[in-house]
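All residue numbers in this chain count up from 1 along the given sequence. These values consider heavy atoms only, across backbone and side chains, with no hydrogens, waters or symmetry-generated copies. Here the structure is a predicted model, which means the values were calculated and not measured.
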Amino acid sequence: MTSAQKVTSTKEMDIRMMLASEVHLGTKNCDFQMERYVYKRRNDGIYIINVGKTWEKLQLAARIIVAIENPQDIIVQSARPYGQRAVLKFAQYTGCHAIAGRHTPGTFTNQLQTSFSEPRLLILTDPRTDHQPIKEAALSNIPTIAFCDTDSPMSYVDIGIPANNKGKHSIGCLFWLLARMVLQMRGVTPPGHKWDVMVDLFFYREPEEAKEQEEENVQALEYTDYSAAAVGAEWSSQIPDAQWTPDIPAGVPAPVAGGWSGDQGGVGGDGWSSAAAPPMATPAPITTVANPGNWE
């Protein structure tokens, strides 16, 4: 009974998070294969997705991911910018191989390419944007899991998770929930306990926001500028005056505190004009050398 209560509370918390991230909001168009996941339609024409079925499909996708022994055989891919960070974080915590950005044609079919791979499972963010890897996966018999909106094409998609795949918060929340479910089924994270990783790490960030945060971090690391008066007061309070008394030998007279007077160094009070002239040097005697050759 306790485990059932934990599962129920966890499901309720997950559904509240999905509602806060607007996972349930669809579009004004609805594909005939997505009608089974639609709860109702609002007055403005937007379809509302049944979040309970979304949670059940996430559980099914997590069971399929756990069934694959080697996580590197799973490729999670997103060509849209809103899903690239979520894809990288999902691959970091689950051990899958991530492809963020444009899909190179022939990655799953052309064996001559350096980026050729044969995955056992493919996870996509948007079937409409990632149509090329879906076609290649269909040619290679690779099962595909995709987050599908109400207007997404369902062709060649084996497991479609009904959700809003156009919002950055919705995509990040879905990948966070899927990664947590995978780790719980693997036994890495205890079921019913809160995951230490925050869902904010899976959200897309604007380049301007990231740059502003880096500038704030740099400013926080700068040192505080202390004034010269404070530094002088600090040193004067720490070091006593008796420590800096000069060691003067006994034979050398101590300097006068009032300054130099004119009688001490022969210098007048008005400057150097009255100083005594230095003594003249005595010229050396000139010696005469005898003329041995009698030449003049």
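Salt bridge status for R180 with D14: present, with a side-chain N to carboxylate O gap under 4.0 Å. Under a 4.0 Å N-O distance rule, the pair R42/D44 qualifies as a salt bridge.
With hydrogens and angles disregarded, a donor-acceptor distance shorter than 3.5 Å links the side chain of Q72 to the backbone of G95. Judged purely by atom type and a 3.5 angstrom limit, S117 has no side-chain atom pairing as donor or acceptor with the backbone of P119. Of the possible donor and acceptor atoms, none in the side chain of E22 sits under 3.5 Å from a partner among the backbone N and O of N164. Distance alone, capped at 3.5 Å, places no donor-acceptor pair between the Q132 side chain and the R102 backbone. Panel note: side chain S21, backbone C173; no donor-acceptor pair is recorded below 3.5 Å. Formation of a donor-acceptor pair under 3.5 Å by the T27 side chain with backbone atoms of N29 is found in this model. Side chain of D149 to backbone of G26: no donor-acceptor contact under 3.5 angstrom is found. At distances below 3.5 Å, not a single donor-acceptor pair connects side-chain atoms of S170 with backbone N or O atoms of K166. A donor-acceptor pair is defined here as one N or O able to donate and one able to accept, closer than 3.5 Å; such a pair exists between the side chain of R186 and the backbone of T94.
For the residue pair T104 / S115, no side-chain donor-acceptor distance below 3.5 Å is found, with atom types taken as modelled. Side-chain contact annotation: K57 with Y37, donor-acceptor N/O pair under 3.5 Å present.
Residues L201 and V197 share a closest heavy-atom pair of CD1-CG1, 3.8 Å. Listed here is the closest heavy atom pair of C148 and M34: O-CE, 3.6 Å. The two atoms that bring P133 and L122 nearest to each other are O-CD2, 3.8 Å, heavy atoms only. The two residues R128 and P153 have their closest heavy-atom pair at NH2-CD, 3.6 Å. Across all their heavy atoms, M181 and A62 have their closest contact at CB-CB, 3.8 Å. Nearest heavy atom pair, residue G106 against residue E136, reads N-OE2, 2.6 Å.
Note that the CD1 atom of I49 and the NZ atom of K40 stand 14.0 Å from one another [nearest 0.5 Å]. Distance check, rounded to the nearest 0.5 Å: CD1 of I171 to CD of Q84 gives 10.0 Å. The CD1 atom of I142 lies 12.0 Å from the CD1 atom of I134; values are rounded to the nearest 0.5 Å.
Ring geometry, F108 versus H103: the interplanar angle falls from 30° to 60°, so the pair is classed tilted.
Taking 4.5 Å as the limit, some side-chain heavy atom of T144 sits within range of a side-chain heavy atom of D158. Side chains of L183 and W195 form a contact here, defined as non-hydrogen atoms less than 4.5 Å apart.
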Review point. Under the side-chain contact (heavy atoms from CB on, under 4.5 Å) criterion, do H169 and F203 qualify, and how do the steps go?
Key: CA-CA 6 Å; H169 297 108; F203 291 161; 3.6 Å; yes

Review point. What do the steps show when you test S152 against N165 for side-chain contact (heavy atoms from CB on, under 4.5 Å), and what is the final call?
Key: CA-CA 9 Å; S152 297; N165 58 8; 3.7 Å; yes

Practice item. Applying side-chain contact (heavy atoms from CB on, under 4.5 Å), run through D73 and L121 and close with a yes or a no. Key: CA-CA 7 Å; D73 291 339; L121 180 64; over 6 Å; no

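Hydrophobic cluster membership of Y47, counting Ile, Leu, Val, Met, Phe, Trp and Tyr whose side-chain heavy atoms lie under 4.5 Å apart directly or via other members: V38.
Between F90 and F175, a ring centre-to-centre spacing shorter than 6.0 Å is recorded.
Shown here are the side-chain contact (heavy atoms from CB on, under 4.5 Å) partners of I99, two or more places apart in sequence or in another chain: I75, Q77, H97.
The local environment of CD in E118 is sparse, with at most 12 non-hydrogen atoms from other residues, nucleotides or ligands closer than 6.0 Å. Within 6.0 Å of atom OH in Y39, 12 or fewer heavy atoms from other residues, nucleotides or ligands are found, so the atom counts as exposed in its surroundings.
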